[in-house]
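Scroll down for the structure; my scribbles are underneath it.
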Amino acid sequence: MQLGILKESAAGESRVALLPESLKPLVAQGIAITVECGAGVAAGGSDAAYVEAGATVTSDRAAILASADILPVVNMPGEAEQGRLKAGAVVIGFLKPLDEPGALATAIARKATLFSMELVPRISRAQSMDALSSMATVAGYKAVVDAAGLLPRLFPMLITAAGTVPPARVFVIGAGVAGLQAIATARRLGAMVEAYDVRAAAGEQVRSLGAKFLDVDLGGINTEGGGGYAAELSEEALERGRDLITKTAEHSDVIVTTAQVPGRPAPKLIRRAAVEAMRSGSVLVDLAAPAGGNCELTKPGVTQIIGGVTLLAPLNLASKVAVDASKLYGRNVINFLGLIVKKGEMHVDLGDEVLAGACVAHDGSPVNPRVAKLLDAALTTHQVEGKLQA
Ligand code: NAD
């Protein structure tokens with residue numbers, strides 16, 4: 001069985017699907033691994049290290065695509081490369097099946113089996129495969145470190161002979177995986193931290209990290225959707241959150257905002273007035289930028305300076321910490337592969353809850369009902385229809 005590792009081609013992508021350190025269990029099963037030259041360099045994995053780990057390194061990208069039975073990736077290769085996949089190949093990665101289902105049509109037509117790391121069910125058995133949490137952890141850390149680098153103030157309180165410097169004040173909106181890591185990082189740097197989330201359960205986690213949890217009376221409405229996620233709120237409930245955020249922004253040096261509702265655009269929580277209320281030199285990091293952003297001024301992927309406030313809207317912050325992001329992602333991928341590869345043989349059992357949840361398409365058809373519906377809609381466009389018929 002052949003496994004291929006490509007150099008990621010998306011702009012700004014520095015991660016790699018598997019680093020040399022992750023290959024041992026695959027090599028031990030007799031799986032032949034071929035790696036594209038330079039695939040891991042930006043993530044700390046040299047070509048020589050891949051060879052040492054038992055892989056073959058080649059510059060022939062097309063040959064890897066054509067021969068791989070298994071292709072772990074970070075991002076889905078483009079349409080032309082999907083057309084070169086080995087028929088029936090298994091592709092595993094961040095495939096964006098709910099955002100860009102039409103972009104998978106060529107691979108589906110090649111009868112590739114597509115597993116999306118975004119769709120791995122968040123159940124305890126699959127925790128070691130939860131790549132969304134891995135990347136959110138890295139992004140939450142990096143958001144605070146980047147903000148600290150830009151802020152013209154110190155994070156910790158300092159008592160010096162020249163006087164006392166008060167600690168920076170950090171406000172974290174959305175205390176999920178990324179938000180909790182942002183809180184922990186800001187606390188380690190000595191900042192005073194406040195946090196807000198609509199899920200009451202987040203309060204205890206925020207307090208356990210030494211931060212203050214800001215409660216808003218939302219009139220007793222249900223704020224929890226399924227699986228520990230937030231529900232989409234009414235306009236009135238969102239407005240109460242916005243009031244709190246505007247008030248808290250006035251004394252915050254840094255805001256890191258992470259609020260999301262799965263499958264929906266990010267809630268707009270930060271008004272222009274809140275940004276204008278921040279002191280000149282303050283920093284706002286909108287980690288919800290890939291879903292449109294939490295701030296009404298956010299332009300995804302663009303850094304702006306608005307009235308002296310720096311507004312960052314990064315689209316792929318995990319890639320900026322490519323070494324550890326790739327290490328964590330690779331472990332998630334290896335654990336996932338453990339469900340389909342045993343003793344060097346591949347067996348895809350879609351009766352397994354984790355595999356069924358993550359499977360986007362198998363044997364030429366979409367498997368996930370949400371993706372099937374979205375793909376159906378995409379199929380009504382001429383372009384995608386042509387691809388599937390080709
Ligand atoms: P996420 O990225 O979807 O959202 C980030 C945070 O934004 C969440 O905490 C959410 O409550 C909050 N939010 C949404 N709308 C908001 C609003 N209008 N105002 C303020 N905050 C808002 O979520 P996530 O970080 O991926 O995960 C959230 C939760 O899911 C976790 O805290 C945990 O309970 C659960 N989870 C479980 C597992 C597991 O069991 N394996 C893994 C990861 C997460």
Side-chain angles (χ1 to χ4, degrees), residues 94 98-99 116-141 143 171-184 194-209 211 213-219 221-249 255-271 274 285-296 314-315 317-318 328 331-332 335-336 353-354 357-358:
F94 287 125
L98 302 177
D99 304 325
S116 154
M117 292 305 276
E118 297 98 321
L119 296 181
V120 170
R122 284 177 141 178
I123 55 173
S124 29
R125 184 163 70 88
Q127 262 179 359
S128 64
M129 307 162 202
D130 185 353
L132 278 185
S133 286
S134 298
M135 298 306 109
T137 302
V138 172
Y141 159 85
F171 180 29
V172 175
I173 302 168
V177 180
L180 290 173
Q181 186 55 236
I183 294 168
E194 295 174 300
Y196 166 61
D197 196 298
V198 284
R199 291 179 302 112
E204 201 181 315
Q205 292 169 308
V206 166
R207 284 187 284 270
S208 75
L209 292 170
F213 187 67
L214 304 178
D215 252 329
V216 177
D217 180 6
L218 297 176
I221 58 162
N222 178 31
T223 56
E224 301 230 2
Y229 289 111
E232 198 169 21
L233 300 187
S234 66
E235 188 50 33
E236 190 197 333
L238 285 174
E239 201 54 14
R240 292 193 192 185
R242 289 183 194 117
D243 288 342
L244 169 97
I245 289 165
T246 305
K247 209 168 106 212
T248 310
I255 298 181
V256 175
T257 185
T258 73
Q260 300 215 42
V261 177
R264 304 291 308 144
K268 290 281 180 251
L269 297 171
I270 307 178
R271 303 177 182 126
V285 187
D286 194 342
L287 280 186
N294 290 142
C295 177
E296 65 181 26
L315 291 173
L317 209 46
L328 294 171
R331 285 178 210 152
N332 295 140
N335 291 328
F336 187 86
E353 179 187 6
V354 176

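Source: prediction; values computed, not measured. All ligand and atom numbering here is 1-based and tracks the order in the structure.
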Give the single entry among [options] that approaches [atom] most closely by any heavy atom.
atom: atom 5 (C) of ligand 1; options: Thr258, Val261, Ile123; value: Thr258
atom: atom 31 (C) of ligand 1; options: Arg240, Glu224, Arg199; value: Arg199
atom: atom 18 (N) of ligand 1; options: Ile245, Thr257, Asn294, Leu238; value: Leu238

I'd like to know if the side chain of [X] and the backbone of [Y] have a donor-acceptor N/O pair within less than 3.5 Å.
X: Thr258; Y: Gly174; result: yes
X: Asn294; Y: Ala288; result: no
X: Asn335; Y: Met129; result: no
X: Asn332; Y: Ser128; result: yes

What is the nearest protein non-hydrogen atom to [atom], stated with its residue, atom name and distance?
atom: atom 25 (O) of ligand 1; value: Val177 N, 2.7 Å
atom: atom 30 (O) of ligand 1; value: Gly228 O, 3.5 Å
atom: atom 12 (C) of ligand 1; value: Asp197 OD2, 3.3 Å
atom: atom 35 (C) of ligand 1; value: Gly227 O, 3.9 Å
atom: atom 13 (N) of ligand 1; value: Ala259 CB, 3.7 Å
atom: atom 41 (N) of ligand 1; value: Gln127 CG, 3.4 Å
atom: atom 14 (C) of ligand 1; value: Gln260 O, 3.1 Å

request  = Scan side-chain atoms only and decide if Arg122 and Ser133 contain a donor-acceptor pair under the 3.5 Å cut-off.
outcome  = yes
query = With a 3.5 Å cut-off and no angle check, do the side chains of Glu236 and Ser234 form a donor-acceptor pair?
reply = no
query = Is it true that atom OH of Tyr141 has more than 12 heavy atoms of other residues, nucleotides or ligands lying nearer than 6.0 Å?
reply = no
query = Near Ser133, which atoms of ligand 1 are under 4.0 Å from a heavy atom of that residue?
reply = 42 (C), 43 (C)
note = If we number the atoms of ligand 1 from 1 as shown, the ones under 4.0 Å from a heavy atom of Ala175 are 9 (O)
message = Are Phe171 and Leu214 packed together at the side-chain level, in the sense that at least one heavy-atom pair is separated by less than 4.5 angstrom?
response = yes
Ion pair check, Lys268 and Glu296, cut-off under 4.0 Å = no
inquiry  = Can you tell me which portion of Leu180 lies within the under-4.0 Å heavy-atom range of ligand 1? Options are side chain, backbone, both, or neither.
reply    = neither
Can an N or O of [X] be found at a distance shorter than 3.5 Å from an N or O of ligand 1?
X: Pro262; value: no
X: Arg122; value: yes
X: Gly176; value: yes
X: Tyr229; value: no

Close approach, Asp130 and ligand 1, non-hydrogen under 4.0 angstrom = yes
query = Should Ala136 be listed as contacting ligand 1, given a heavy-atom distance under 4.0 Å as the test?
reply = no
message = Pair Val261, Tyr229 - check side chain to side chain contact (heavy atoms under 4.5 Å, CB included), show working.
response = CA-CA 7 Å; Val261 177; Tyr229 289 111; over 6 Å; no
message = Checking Val172 against Glu194 for the side chain to side chain contact (heavy atoms under 4.5 Å, CB included) test, could you report, in this order, the C-alpha distance in whole Å, the side-chain angles of both residues, the deciding distance, and whether it holds?
response = CA-CA 6 Å; Val172 175; Glu194 295 174 300; over 6 Å; no
With sequence neighbours excluded, residues passing salt bridge (Lys or Arg N to Asp or Glu O under 4.0 Å) with Glu239 = Arg242, Arg271
